[in-house]
Amino acid sequence: MQLTQLPKHTRPREKLLNEGPSALSDAELLAIFLRTGVSGMNAVELADSLLQQCESLQRLFNASQTEFVALKGVGEAKYIQFQAVLELCKRYLKEGCKREYKFESPTMVHNYLSIQLKGLEHEVFMVLYLDSQHQLINDEILFRGTINSASVYPREVVKAALKHNAAAIIFAHNHPSGVSEPSRADKILTEKLQKALALMDIKVLDHIIVAGNRCVSFADMGLL
C-alpha cells in the first residue's frame, strides 16, 4: 500500500508534525529520510526491511559501502545520503560540545568518542584539546593507519596542543578489529606522549580505545 493511501494521521510526515519526532518509530523516521520506496514496498516498508536486514539502526548507518549497496532496495546514491547525514550528526554534536560543558564525566567522553570513531574501518588517532576547565576547545584526527610509537610523532602532538592553547588533552584511537584491550605499543606510545607534553605543562587526562560498542580508559586501568 502506498503511503498516500494510508490514513493521513498515520503517515510519517504528518505524524511528525502533529505528535513530534519522538512519537515515530525508527522505521517511520527512516522512511521520511528515504522519501520513496521501491517496487512492492512503500517507504516505511523499505525502511523496516533495511532495519531487519541490518538488525539495528546502528549497523545500518555503520555499514561499509560494499555492505550497504548489497542491501535490497538501496544503492550508492542512498549510501552517499546516509554518510552525509551521519557526518552532519557528528558535527552537530561536536559543535554543541565546544565550550559548553566540562569533559569530566567518563560517560560523557565515551559517548562523544563513540559517535566520532565507532564504525570506522581504518585506525585513527584523535586528540581532544581541553582548556583549564576541561571544556572542549576542539578535536582533531592527527594520524591515520596503524597506531604505534613509530607512526604517531610526539613533536606533532605537542605542536598541535600548543596551537590550540590546550591545558589538558585526551587521546583516543579506535580498534576496528573490535579488540578493546590496549596493546604494548599503545602503552609505550601513551607514556612517550605524556612525557613530551609534561615538558609543556600540558596534562594528559586519558587515552581511550574505542572498539565496537566498548570504550576502554587508560585512566580507569591505572595506566596514567
Side-chain angles (χ1 to χ4, degrees), residues 1-98 100-101 105-124 126 136 139 141 172 174-180 208-215:
M1 182 182 291
Q2 295 181 357
L3 292 182
T4 53
Q5 296 176 300
L6 294 173
K8 196 169 183 178
H9 70 279
T10 65
R11 300 174 197 170
R13 292 183 183 182
E14 286 77 1
K15 187 175 178 181
L16 186 148
L17 289 173
N18 292 329
E19 302 179 41
S22 61
L24 276 66
S25 66
D26 289 348
E28 290 171 326
L29 288 169
L30 192 55
I32 293 175
F33 176 71
L34 292 170
R35 296 180 60 192
T36 60
V38 293
S39 179
M41 289 189 288
N42 62 37
V44 175
E45 291 167 337
L46 173 58
D48 189 55
S49 172
L50 291 173
L51 291 171
Q52 288 186 39
Q53 289 178 72
C54 291
E55 299 180 352
S56 74
L57 192 60
Q58 188 178 100
R59 287 187 180 180
L60 175 60
F61 274 88
N62 286 338
S64 67
Q65 182 177 355
T66 301
E67 292 169 336
F68 190 91
V69 298
L71 298 172
K72 182 182 178 182
V74 290
E76 190 176 71
K78 281 289 186 287
Y79 173 77
I80 292 170
Q81 285 181 274
F82 270 63
Q83 291 305 302
V85 76
L86 187 59
E87 182 60 26
L88 282 172
C89 289
K90 290 180 180 180
R91 295 185 187 189
Y92 170 81
L93 291 170
K94 179 178 176 179
E95 188 177 290
C97 287
K98 286 185 180 179
E100 290 192 9
Y101 58 78
S105 160
T107 300
M108 185 185 299
V109 178
H110 293 179
N111 289 343
Y112 182 81
L113 289 172
S114 289
I115 291 167
Q116 301 296 322
L117 300 181
K118 187 168 59 177
L120 294 181
E121 296 179 344
H122 54 281
E123 203 163 336
V124 300
M126 174 180 274
L136 182 66
D139 68 41
I141 292 176
N174 62 317
H175 281 179
S177 64
V179 177
S180 58
I208 294 170
I209 296 173
V210 178
N213 290 320
R214 289 199 64 197
C215 286

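Only heavy atoms go into these numbers, but all of them, side chains included; no hydrogens, no water, no symmetry mates. Just so you know, residue 1 is the first one in the sequence shown, and it goes up from there. Only a predicted model underlies this, so the values are computations on that prediction, with no experimental measurement involved.
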Note, Arg91 side chain near Glu87 side chain (heavy atom, < 4.5 Å): yes
Side chain to side chain contact (heavy atoms under 4.5 Å, CB included) against Val38, all qualifying residues, sequence neighbours excluded: Met41, Leu46
Residue pair Gly75 / Val69: nearest heavy atoms and the distance that separates them: C-CG1, 3.8 Å
Sequence neighbours excluded - salt bridge (Lys or Arg N to Asp or Glu O under 4.0 Å) pairs with any residue from residues 61-84: none
Sequence neighbours excluded, every pair satisfying side-chain hydrogen bond (donor to acceptor under 3.5 Å, both in side chains) that has a member inside residues 12-21: Lys15-Glu28
Residues forming a side chain to side chain contact (heavy atoms under 4.5 Å, CB included) with Ser22, sequence neighbours excluded: none
Those residues that, when tested against Asn62, pass side chain to side chain donor-acceptor pair (under 3.5 Å) (two or more places apart): none
Closest heavy-atom pair and its distance - Leu34, Ala43: CD1-O, 4.1 Å
Sub-4.5 Å side-chain heavy-atom contact between Asp139 and Leu113: no
Rounded distance [0.5 Å steps], OH in Tyr79 versus OG in Ser64: 6.5 Å
Least distance between heavy atoms, Ser180 atom then Ala211 atom: CA-CB, 3.7 Å
Sequence-distant partners of Arg214, salt bridge (charged side-chain N to carboxylate O under 4.0 Å, His left out), two or more places apart: none
Any pair counted as salt bridge (Lys or Arg N to Asp or Glu O under 4.0 Å), so long as it reaches residues 46-57, sequence neighbours left out: Glu55-Arg59
SG-CZ distance between Cys54 and Phe68, expressed to the nearest 0.5 angstrom: 7.5 Å
Within residues 24-43 or reaching into it, pairs that qualify as ring pair (Phe, Tyr, Trp, His ring centres under 6.0 Å) - sequence neighbours excluded: Phe33-Phe82
All side chain to side chain contact (heavy atoms under 4.5 Å, CB included) counterparts of Asp26, not counting sequence neighbours: Leu51, Leu57
Close side-chain approach of Glu123 and Asn174, heavy atoms under 4.5 Å: yes
Nearest heavy atoms of Val210 and Ser114, plus distance in Å: CG1-CA, 4.4 Å
Sequence-distant partners of Gln53, side chain to side chain donor-acceptor pair (under 3.5 Å), two or more places apart: Ser49
N/O donor-acceptor pair under 3.5 Å between Glu45 side chain and Asn42 backbone: yes
Leu24 side, atom CG; Leu29 side, atom CG - distance, nearest 0.5 Å: 4.5 Å
Gln65 CD to Ile80 CD1 distance, which is reported to the nearest 0.5 Å: 7.5 Å
